[in-house]
*Asks:* 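Dropping a structure here in C-alpha cells format, bear with me for questions.
Naming: A, B, ... by sequence-line order, numbering from 1 per chain.
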Amino acid sequence: MKEYFIQNAKAFVGETVTLKGWAYNVRKSGKIWFLLLRDGTGIMQCVVTSFDADEASFALKDEITLESSVLVTGVVKAEPRSPGGYEMLAHKLELVAIAEEYPISKKDHGIDYLMDNRHLWLRSKRQNAIIRIRHTIIKAIRDFFDARDFTLVDTPIFQKAATEGVATLFATEYFGEKAYLAQTGQLYGEAGAAAFGKIYCFGPTFRAEKSKTRRHLTEFWMVEPEMAFYDLDMNMDLAEEFVTYIVAQVLEHRRPELETLERDTSKLEAIQVPFPRISYTEGVKILQKNGVDFKWGDDFGGGDETIISSQFDRPVMVHRYPAAIKAFYMKRDPENDKQVMALDMLAPEGYGEIIGGSQREDDIEKLISRIKDDGATEEDYSWYLDLRRYGSFPHSGFGLGVERVVTWICGLKHIRETIPFPRTISRLNP
RNA sequence: UCCGGAGUAGCUCAGUGGUAGAGCGAGUGGCUGUUAACCACCAGGUCGGGAGUUCAAAUCUCUCCUCCGGAGCCA
C-alpha cells in the first residue's frame with residue numbers, strides 16, 4: 001500500500017498524489033484560495049484556482065470550514081512562498097465531512113479553555129511538537145535499556161500496601177478490601193532484579209497529593225530501572241548515561257519540533273557526561289553561601305533546588321541525603337549512619353528533580369528496624385523481606401519522571417502540556 | 001490546607017456608582033499569491049451564584065462556587 005504523508009513531501013515532488021487530512025486554515029480570495037492541509041505529520045499549503053481545479057472543487061471555498069476533513073489530489077512542488085517550502089497545486093478536492101464551527105480559533109485562548117478542549121487542542125502545531133518529542137523520549141528510554149540487556153518487568157498498578165505513606169495514595173475498592181493505585185513499582189522491581197539481574201518497569205503512577213504547581217500531575221509516567229550488584233556510584237553512572245542518551249536522541253530526531261517550541265538547543269547540546277556529583281552536605285554549603293537560611297537535615301525545596309542546579313550547565317546529582325528525610329528502603333551510608341545512599345538528579349534551568357533513586361538496604365536487620373521506625377510491621381513487608389532472606393545482594397535503581405523530562409527538554413513553563421490528557425487536582429476531563 | 005489573583009459576548013479582554021464595549025470568531029458581500037490574509041456590513045450579553053448598601057451596582061460590602069499562580073509534598 002502506497003501512502004503519502006506531508007512530512008515526506010520532498011520525496012514526491014513533481015508527482016500527482018492524494019493527501020488526506022483536515023483543513024488547518026483557509027485563506028480565500030476571489031479566484032484563488034489557499035487551503036492549509038494538516039495530516040498529522042505536517043502542514044501542506046494547497047493552492048486552489050479555477051484554472052487547475054475542477055468547478056466543484058473550487059466551489060468548496062464557500063463551504064469548507066476549519067478542521068473539515070478532506071482529500072486533496074494535486075501536484076506537489078517546491079515553493080518558497082509556501083510555509084514549509086512545498087505546495088500542492090490542487091486538481092481535485094473531496095470533502096469527507098464538514099466540521100461544525102471549530103472551538104479553537106486562530107487567536108489567543110486561555111489555558112483552562114484550551115484544556116477543556118484538550119481533545120482538539122492536540123491538533124495544534126505546538127501540541128503536536130510536544131507529543132512527538134514525548135514519543136521520541138519514550139522510545140529512547142526503551143532503546144537505552146534494550147541495548148544494555150535490561151528485561152522489562154511490569155509491576156502491578158493495584159497494590160495492597162503503601163510504599164511511602166498512605167495519605168498520598170489513591171484508594172480504591174478491590175473485591176471487599178482496600179487497594180491503592182501504584183505510586184511506584186520499585187519494590188516489585190527489586191524482586192525483578194533478583195530474578196533477571198537488570199530490569200526496568202515503565203508505567204503510569206499515581207499520587208493523591210494536592211499539589212498545585214507547574215511540576216505536578218496526579219497521574220504520570222515513570223520508568224524505574226533496578227540493577228543487581230550495582231552500588232550507588234554505578235547507579236549514578238547509569239543515570240547520567242541514560243539522560244545524556246535521551247537528550248541526544250531528541251536532538252537527533254526532533255530538531256523541527258524543538259524549533260517550533262523555540263527551545264534554545266545549545267542548552268541541550270551541553271548535556272554530556274560526566275554530570276557534576278555533589279553530596280547533600282555540599283549542597284547545603286552551596287545554599288548557605290547563597291544566603292539561604294538552611295540547616296543540615298532539612299529537605300530541599302523547589303527554590304533550593306533551583307539555586308543548586310543553577311551552579312551547573314548540566315544536570316547535577318546530589319547524593320547521600322539525611323536518612324530521616326528519605327525512604328525506609330534506602331541503604332545506610334557505611335561511613336555515616338545518619339545518611340543514606342540516595343541520589344537525586346536536578347535538571348538545569350530550574351526544572352528541578354527529574355530522577356530520584358538509591359542503593360537499597362540489603363541488610364535485613366537494618367531494614368526491619370527502619371520498617372518499625374515507620375510504624376509498620378515485618379508482616380506488612382513479608383514478601384519484600386524475602387528478597388533479603390533468600391540471597392540478599394547489593395542493588396540499586398532510580399525512577400525518572402517522564403513528564404518532568406519532557407517539560408525540561410521542551411523548555412515548557414508547565415508540565416500539563418507534556419501528556420496528551422493530563423490529570424491534575426482539578427482536571428479529570430477530557 | 002495556607003497565601004495571592006481572576007470570573008463581563010463563542011474566545012481574549014477593556015470597562016471603579018449613572019443607557020454594557022472592543023478585537024477575534026460566526027454570518028453576508030468583495031478581492032488571482034494569501035502567510036493568525038485583507039476590506040465593508042451585520043448578529044450576538046441573566047456582567048460566576050446568592051444576599052445586602054444605594055434613587056441607581058459589572059463597579060461598593062458579605063458569602064458561596066469555580067479556575068489560575070505560589071507554598072508544602074514529591075518524579
Side-chain angles (χ1 to χ4, degrees), chain A residues 24-36 43 45-53 58 61-62 65-66 79-85 87 89 99-117 121 124-126 163-165 167-169 182-186 202-224 239 243 298-305 325-327 343-347 351-357 398-408 413-416 418-419 424-427:
Chain A
Y24 189 72
N25 199 2
V26 177
R27 287 187 281 267
K28 291 181 272 190
S29 203
K31 300 269 175 23
I32 184 169
W33 60 286
F34 301 90
L35 165 67
L36 293 188
I43 292 169
Q45 173 162 288
C46 305
V47 185
V48 193
T49 68
S50 46
F51 300 112
D52 296 295
F58 182 76
K61 84 182 170 87
D62 297 322
T65 52
L66 290 189
E79 170 55 68
R81 286 176 294 183
S82 172
E87 183 173 87
L89 191 61
E100 294 176 28
E101 186 185 336
Y102 194 58
I104 300 178
S105 70
K106 287 172 274 182
K107 287 275 180 164
D108 293 339
H109 295 284
I111 186 68
D112 201 47
Y113 179 80
L114 290 168
M115 275 300 173
D116 281 342
N117 289 285
W121 190 25
S124 76
K125 211 172 170 182
R126 174 184 167 85
T163 306
E164 296 165 54
T168 63
L169 296 173
Q183 65 170 359
T184 171
Q186 187 215 306
F202 191 6
T205 51
F206 307 88
R207 302 278 165 94
E209 293 148 359
K210 293 196 171 176
S211 300
K212 287 183 72 171
T213 83
R214 64 182 71 183
R215 296 188 303 279
H216 288 85
L217 295 167
T218 55
E219 177 182 302
F220 65 95
W221 286 67
M222 186 156 67
V223 57
E224 296 174 276
V243 169
D298 291 344
D299 207 353
F300 299 140
D304 303 326
E305 288 181 352
I325 57 169
K326 288 290 182 184
L343 88 104
D344 281 359
M345 187 189 290
L346 308 178
Y351 280 96
E353 188 179 346
I354 52 173
I355 278 179
F398 59 83
L400 173 135
V402 170
E403 288 77 13
R404 290 252 176 109
V405 170
V406 178
T407 308
W408 162 51
K413 287 196 179 69
H414 202 296
I415 198 171
R416 69 192 147 202
T418 62
I419 184 167
T424 66
I425 181 171
S426 60
R427 170 75 52 194

*Asks:* Between A:Phe34 and A:Arg427, which has a closest nucleotide on RNA chain B that is more 5'?
*Replies:* A:Phe34

*Asks:* Rounded to the nearest angstrom, tell me the gap between atom CZ in A:Phe58 and atom C1' in B:rU34.
*Replies:* 13 Å

*Asks:* In whole angstroms, how far is the P atom of B:rG72 from the NZ atom of A:Lys212?
*Replies:* 15 Å

*Asks:* When you get a sec, tell me which of B:rC31, B:rC74, B:rU1 is the closest nucleotide to the side chain of A:Glu209?
*Replies:* B:rC74

*Asks:* For A:Glu224, report the nucleic acid contact type (base, sugar-phosphate, nothing); a contact means any heavy atom under 4.0 Å.
*Replies:* nothing

*Asks:* Do A:Arg27 and B:rC31 share a donor-acceptor pair, side chain to base, under 3.5 Å?
*Replies:* no

*Asks:* If you only use heavy atoms from C-beta on, which nucleotide in B:rA75, B:rU1, B:rG69 is closest to the side chain of A:Leu217?
*Replies:* B:rA75

*Asks:* Quantified in whole Å, what is the P atom distance between nucleotide B:rA58 and nucleotide B:rG5?
*Replies:* 23 Å

*Asks:* Work out how far the P atom of B:rG7 is from that of B:rG15, and round it to whole angstrom.
*Replies:* 10 Å

*Asks:* Looking only at side-chain atoms of A:His216, point me to the closest of B:rU32, B:rA75, B:rU1.
*Replies:* B:rA75

*Asks:* Can you check the distance between B:rG27 and B:rG18, where both ends of the measurement are the C1' atom (answer in whole Å)?
*Replies:* 35 Å

*Asks:* When you measure from the side-chain N and O atoms of A:Ser29 to the phosphate of B:rC38, is any distance below 4.0 Å, counting only OP1 and OP2?
*Replies:* no

*Asks:* Out of B:rC67, B:rA75, B:rC73, which nucleotide sits closest to the side chain of A:Arg215?
*Replies:* B:rC73

*Asks:* Taking only nitrogen or oxygen atoms into account, show me every contact under 3.5 Å that the protein makes with nucleotides 5-15 of chain B, one pair per line with its distance.
*Replies:*
unit_1: B:rC11; atom_1: O2'; unit_2: A:Asp108; atom_2: O; d: 3.3
unit_1: B:rC11; atom_1: O2'; unit_2: A:His109; atom_2: ND1; d: 2.4
unit_1: B:rU12; atom_1: OP1; unit_2: A:Gly110; atom_2: N; d: 2.9
unit_1: B:rU12; atom_1: O4'; unit_2: A:Asp108; atom_2: O; d: 3.4

*Asks:* Mind calculating the distance between CG (A:Leu169) and P (B:rC74) to the nearest angstrom?
*Replies:* 13 Å

*Asks:* Mind checking whether A:Arg404 and A:His216 have side chains closer than 4.5 Å, heavy atoms only?
*Replies:* yes

*Asks:* Using whole Å, report how far CG of A:Asp116 lies from P of B:rU66.
*Replies:* 15 Å

*Asks:* Whole angstroms only, please: what is the CG-P distance between A:Asp298 and B:rC74?
*Replies:* 12 Å

*Asks:* For A:Thr213, does its backbone N or O pair with a side-chain atom of A:Ser211 as donor and acceptor, under 3.5 Å?
*Replies:* no

*Asks:* Using the C1' atom as the point on both nucleotides, what is the distance between B:rU53 and B:rC60, in whole Å?
*Replies:* 8 Å

*Asks:* Rounded to whole angstrom, note down the P distance from B:rU32 over to B:rC68.
*Replies:* 47 Å

*Asks:* Between B:rU19 and B:rG23, how far apart are the two C1' atoms, rounded to whole Å?
*Replies:* 23 Å

*Asks:* So what does A:Arg416 touch, heavy atoms closer than 4.0 Å: a base, only the sugar-phosphate, or nothing?
*Replies:* sugar-phosphate

*Asks:* Rounded off to whole Å, could you give me the NZ-to-C1' distance for the A:Lys61 and B:rG33 pair?
*Replies:* 15 Å

*Asks:* In terms of side-chain heavy atoms of A:Arg214, which of B:rU1, B:rU32, B:rG70 is nearest?
*Replies:* B:rG70

*Asks:* Looking at A:Glu79, A:Arg81, A:Glu87, which hits side chain to side chain donor-acceptor pair (under 3.5 Å) with A:Gln45?
*Replies:* A:Glu87

*Asks:* B:rG70, B:rC74, B:rU32: which one has an atom nearest the side-chain heavy atoms of A:Arg404?
*Replies:* B:rC74

*Asks:* By nearest atom, which of the nucleotides B:rC74, B:rG33, B:rC68 is closest to the A:Asp299 side chain?
*Replies:* B:rC74

*Asks:* Return the value, rounded to whole Å, for the distance between atom CD1 of A:Ile425 and atom P of B:rG72.
*Replies:* 15 Å

*Asks:* Considering residues at least two apart in sequence or located in another chain, which fulfil the ring-ring contact (aromatic ring centres under 6.0 Å, His included) criterion with A:His109?
*Replies:* A:Tyr113

*Asks:* Heavy atoms under 4.0 Å, any strand shown: does A:Ile104 hit a base, just sugar-phosphate, or nothing?
*Replies:* nothing

*Asks:* Could you measure between the two P atoms, the one in B:rU54 and the one in B:rA22, and give it in whole Å?
*Replies:* 34 Å

*Asks:* What does A:Gln45 touch in the nucleic acid at a heavy-atom separation under 4.0 angstrom: a base, only the sugar-phosphate, or nothing?
*Replies:* base

*Asks:* Could you tell me how far B:rG45 sits from B:rC11 if I compare only their C1' atoms? Round to whole Å.
*Replies:* 14 Å

*Asks:* Please report, rounded to the nearest Å, how far the C1' atom of B:rC74 is from the CD atom of A:Glu219.
*Replies:* 16 Å

*Asks:* Base, sugar-phosphate alone, or nothing: which one does A:Ser426 contact when heavy atoms must sit under 4.0 Å apart?
*Replies:* sugar-phosphate

*Asks:* Contact class for A:Ile354 (heavy atom, under 4.0 Å): base, sugar-phosphate, or nothing?
*Replies:* sugar-phosphate

*Asks:* RNA chain B: A:Leu89 or A:Asp344, which has the more 5' nearest nucleotide?
*Replies:* A:Leu89

